[in-house]
Amino acid sequence: MVTAILSALPEEQGGLAAALQEHATSDCAGRTFHTGTLHGQRVVLALSGIGKVAAAITATLLIERFGARRLIFTGVAGGLGKGVRVGDVVVARHTLQHDMDASPIFPRWELPLRGTALLACDTSLSALLLRAANASVAGASTRFSLENHAPARIHHGLIVSGDRFVSTARESALLRSGLLAAGHDALAVEMEGAAVAQACSDYGVPCAILRTISDRADDSAHVDFSRFVRDVASGYAERIVQALLPSLPR
Ligand code: ADE
C-alpha cells in the first residue's frame with residue numbers, strides 16, 4: 001500500500017526524501033514527487049504548496065497518479081486553543097474550513113451540499129500518529145519549545161484551515177470565539193489540512209494530520225513562525241514520521 005507524506009514547506013518534511021530507499025522523483029503540475037521505500041513501506045513524498053487549493057490539487061495527484069491509499073500531513077500551525085503552546089503537537093480529530101461562508105444559503109462554515117462543517121480524520125491512522133508523536137516528542141526535554149522549557153504536549157481535536165496567515169491576537173481571538181460559539185473548539189489554525197481532508201474524503205482515502213505549533217497566531221506570529229520553521233520544524237517531522245512508518249499496516 002502506498003502512503004503519501006505531505007507537508008506545505010520543505011522544512012516541514014525534514015530529511016525524509018534523503019532517507020528514502022529506491023528513491024525516484026517525478027514532476028507533475030509544477031510539483032516534485034519523491035517515491036521510494038522507508039521502513040519497508042512504499043511512500044510518496046510531496047509538498048502541498050501553501051493554501052487550500054494547492055493542497056487539494058496535490059492530494060488529488062497523490063491519489064490519482066501515485067496510487068496513495070493513505071495520506072499523512074505533517075507541518076506547523078498557529079495555536080488557538082487555551083494551553084496549546086509553541087512546541088506542542090496537535091493531531092486532528094476533525095478539520096473545518098474557517099473561511100467557508102455560503103451563508104445565508106447554508107449555515108456558516110458548512111461545506112455546501114455536504115450538510116456538515118466538519119471532516120473527520122481517519123480514527124486508526126490518527127491513533128497511530130498520536131502514538132508516534134507521543135513516542136518521539138512528549139517527554140523529550142524540549143529544546144523544541146520556544147515559549148518555555150515545559151515538555152511539549154500532544155493534543156487531539158479540531159484543526160481549522162483557511163487561506164489566511166492569522167497574525168494578530170485580535171483576529172485569532174475572534175476566530176476562536178466565533179467558532180466556539182457554534183460549538184467548534186479549534187485547537188490550531190493552518191492553511192491546508194481541511195482541503196486535504198476533503199479530497200481524501202471524496203476518494204475514500206484515510207488521512208491523518210499532525211501539526212506542530214510554531215506560533216500563537218498573534219502579533220508575533222510571523223516572527224515565531226519563521227524562527228520555528230527555520231530551526232525546529234524539520235526535526236519534528238522526521239522523528240515522528242520515522243516513528244510512525246514501522247507501525248503502519250502493510
Ligand atoms: N501556520 C502556522 N502558523 C499559522 C498561522 N498563524 N496562521 C495560519 N497558518 C499557520
Side-chain angles (χ1 to χ4, degrees), residues 5-14 46-56 58-59 72-92 94-101 109 117 119 121 129 133 137 142 144-147 152-155 157-180 184-198 207-238 240:
I5 299 163
L6 192 55
S7 308
L9 303 170
E11 294 86 345
E12 294 172 321
Q13 200 141 76
L47 299 180
S48 62
I50 296 171
K52 303 200 308 296
V53 174
T58 312
I72 317 285
F73 197 108
T74 70
V76 299
L80 287 182
K82 269 207 185 93
V84 179
R85 299 170 306 187
V86 171
D88 285 0
V89 170
V90 181
V91 173
H94 294 95
T95 63
L96 171 154
Q97 295 174 22
H98 69 75
D99 53 358
M100 173 57 73
D101 186 0
W109 297 299
L119 290 166
C121 292
L129 195 52
V137 175
T142 187
F144 286 134
S145 177
L146 300 179
E147 219 174 42
R153 281 187 291 196
I154 317 283
H155 309 266
L158 177 63
I159 294 182
V160 299
S161 313
D163 289 324
R164 288 185 63 76
F165 185 81
V166 179
S167 58
T168 66
R170 184 182 141 74
E171 184 180 347
S172 71
L174 282 174
L175 179 60
R176 177 162 164 75
S177 61
L179 286 163
L180 203 52
H184 303 303
D185 185 1
L187 299 181
V189 60
E190 37 86 314
M191 301 177 68
E192 297 84 18
V196 169
Q198 186 169 346
C207 82
I209 298 169
L210 176 144
R211 294 284 186 164
T212 309
I213 301 303
S214 56
D215 58 81
R216 278 289 305 173
D218 57 11
D219 298 32
S220 63
H222 59 296
V223 178
D224 296 341
F225 168 85
S226 307
R227 196 155 50 121
F228 194 93
V229 165
R230 190 189 61 221
D231 298 341
V232 188
S234 62
Y236 269 97
E238 200 172 337
I240 294 171

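First listed ligand is number 1; within each ligand, the first listed atom is number 1. Here the structure is a predicted model, which is why all the values come from computation and not from measurement.
- The closest approach between a heavy atom of R211 and any atom of ligand 1 is not below 4.0 Å.
- Between R176 and D185, at least one side-chain nitrogen of the basic residue sits less than 4.0 Å from a carboxylate oxygen of the acidic one, meeting the salt-bridge criterion.
- The protein non-hydrogen atom at the shortest distance from atom 8 (C) of ligand 1 is R164 O, 3.4 Å.
- In terms of protein heavy-atom proximity, atom 3 (N) of ligand 1 is closest to D215 OD2, 2.7 Å.
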### Message
Apply side chain to side chain contact (heavy atoms under 4.5 Å, CB included) to residues V160 and W109 and explain how you reach the verdict.
### Response
CA-CA 10 Å; V160 299; W109 297 299; over 6 Å; no
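- Interface of S214 with ligand 1, defined as ligand atoms under 4.0 Å from a residue heavy atom, comprises 2 (C), 3 (N).
- Remark: the S161 side chain and the E190 side chain contain an N/O donor-acceptor pair separated by less than 3.5 Å.
- In this structure, E12 and R211 have side chains that are in contact, with non-hydrogen atoms separated by less than 4.5 Å.
- Remark: minimum distance from atom 9 (N) of ligand 1 to any protein heavy atom is reached at E190 CA, 3.4 Å.
- Looking only at distances, a side-chain donor or acceptor of D99 sits under 3.5 Å from a matching main-chain atom of D163.
- Nearest approach of I213 to G79, heavy atoms of both residues: CG2-N, 3.6 Å.
- For the ligand labelled ligand 1, residue A77 lies inside the 4.0 Å heavy-atom shell.
- With hydrogens left out, the protein atom closest to atom 4 (C) of ligand 1 is F165 CE1, 3.4 Å, a heavy atom.
- No side-chain heavy atom of D215 sits under 4.5 Å from any side-chain heavy atom of V166.
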### Message
Before you tell me yes or no, could you show the steps for V196 and T58 under side chain to side chain contact (heavy atoms under 4.5 Å, CB included), namely the whole-Å CA-CA distance, both residues' side-chain angles and the distance that decides it to 0.1 Å?
### Response
CA-CA 8 Å; V196 169; T58 312; over 6 Å; no
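- Closest to atom 7 (N) of ligand 1 among all protein heavy atoms lies V166 N, 2.9 Å.
- Taking distance alone, with nitrogen or oxygen atoms compared against 3.5 Å, A221 stays at or beyond that limit from ligand 1.
- What sits closest to atom 10 (C) of ligand 1 on the protein, heavy atoms only, is V189 O, 3.6 Å.
- Residue-to-ligand polar distances keep M191 apart from ligand 1: every N/O pair is separated by 3.5 Å or more.
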### Stepwise side chain to side chain contact (heavy atoms under 4.5 Å, CB included) test for R216 and D224
CA-CA 8 Å; R216 278 289 305 173; D224 296 341; 5.9 Å; no
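- Per-residue contacts place F225 under 4.0 angstrom from the following atoms of ligand 1 (heavy atoms of the residue considered): 2 (C), 3 (N).
- Less than 4.0 angstrom separates some heavy atom of A217 from each of these atoms of ligand 1: 6 (N).
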